[in-house]
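First comes the structure, then the notes that go with it.
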Amino acid sequence: MDMISFTTGLLSAVFAYALFSQDNDIDSDDPIEDEDDNEELVINDGSPGRHVTMSCQTCRKLKKHKEVKPNLYQCSKCKRHVDLRAS
């Protein structure tokens, strides 16, 4: 009976250590980006066809978008269009 209690305690301790010692997993295909709640749109000024970082509704993450037309952007991952033109 002592061996069963010892093994159960040891497995519980190993499980707790593994559960609380992990770092957050980061997708290897996604670049590391700072996520500020205050700043939703970061524009890299430059030539036509500029790239911006904004929240994609389909991917539900901050992704790079390419400007297809003035104020019309396309997600680089899912190819969804985001229209910011005035109606």
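Nothing fancy with the numbering, it's 1 onward along the sequence. Remember, predicted model here, so these are calculated numbers, not experimental data.
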* Ignoring hydrogens and geometry, is there a side-chain-to-backbone donor-acceptor pair from T53 to K64 under 3.5 Å? ->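 Not a single qualifying donor-acceptor pair exists.
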
* Below 4.5 Å, heavy atoms only, C-beta onward: do R80 and Q57 meet side chain to side chain? ->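 A side-chain contact exists here, since the closest heavy-atom pair is under 4.5 Å.
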
* Does the side chain of H81 reach to within under 4.5 Å of the side chain of Y73, using non-hydrogen atoms? ->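 They are not in side-chain contact.
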
* Asked: Cluster question for you: counting only ILVMFWY and a side-chain heavy-atom cut-off of under 4.5 Å, with indirect links fine, are F20 and F15 together?
  ->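 Yes; tracing contacts between hydrophobic side chains, which count when under 4.5 Å, links both residues.
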
* Asked: Knowing that exactly one of K63, M54, K61 qualifies, which makes a side chain to side chain contact (heavy atoms under 4.5 Å, CB included) with C75?
  ->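 Exactly one candidate clears the test, K63.
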
* Apply the side chain to side chain contact (heavy atoms under 4.5 Å, CB included) test between H65 and each candidate in L84, V52, L72; give the one that qualifies. =>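 For H65, the side chain to side chain contact (heavy atoms under 4.5 Å, CB included) check succeeds only for V52.
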
* Asked: Which value, rounded to the nearest 0.5 Å, describes the distance between Q74 atom CD and D83 atom CG?
  ->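 CG of D83 is found 12.5 Å from CD of Q74.
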
* Shortest non-hydrogen contact between L62 and S55, atoms and distance ->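 Between these two residues, the closest heavy atoms are CD2-N, 3.5 Å.
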
